[in-house]
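One-based numbering, in listed order, for ligands and for the atoms of each.
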Amino acid sequence: MAINLSKGQKIDLSKETGAKLTGFCVGVNWGAIETKGFLGLSTNKQSVDLDLSCILIDENNILCDHIYSPLYNIDFLQQFGLPKGKLVSSDGALRQTGDDLQGDSGGVDGLDNEIITVDLAKLTQKFLKYFSS
Ligand SMILES: [Ca+2]
């Protein structure tokens, strides 16, 4: 079941049947930006690089794990004490499909460009919060 979220929107992942949720995925889909050229006589497409990332916070608000693109500028991130990017969490419970650097060049195709899957059975720690962007 797909749910379309807007910025800042939260959802309850509890199942209506009371069954325990075992996993979920979050995906983002986007296209290149199309702009008009001189006098509107032509169109130009500009690639867009959105990044789907996630950090995991425990009950003490300590950053326990993360996934974000390893292609990020490492030197820039280390200024803020952030570790090197990776696509799989330490316990393998979270996986990111890969870093799409351009978006859909032929128009938005309805397929997610980047996806994070979460296998709740593989989580080795109890996380209080997941933040994804
Ligand atoms: Ca990206």
Out of the N/O/S atoms in [X], what is the name of the one closest to the Ca ion (ligand 1)?
X    : value
D51  : OD1
E114 : OE2
D100 : O
D99  : OD1
D49  : OD1

Side chain to side chain contact (heavy atoms under 4.5 Å, CB included) partner of Q96, the single match among T117, L87, V88, D51: L87
Main-chain N/O of Y68 paired with S53 side-chain donor or acceptor, under 3.5 Å: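 The answer is no, because no donor-acceptor pair under 3.5 Å joins these two groups.
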Expected output: side-chain D65 to main-chain L56 donor-acceptor under 3.5 Å: no
L52 side chain reached by T97 side chain, heavy atoms, under 4.5 Å: no
Min side-chain heavy-atom separation D99-D49 under 4.5 Å: yes
Contact flag L52/the Ca ion (ligand 1), N/O/S atoms, threshold under 3.0 Å: no
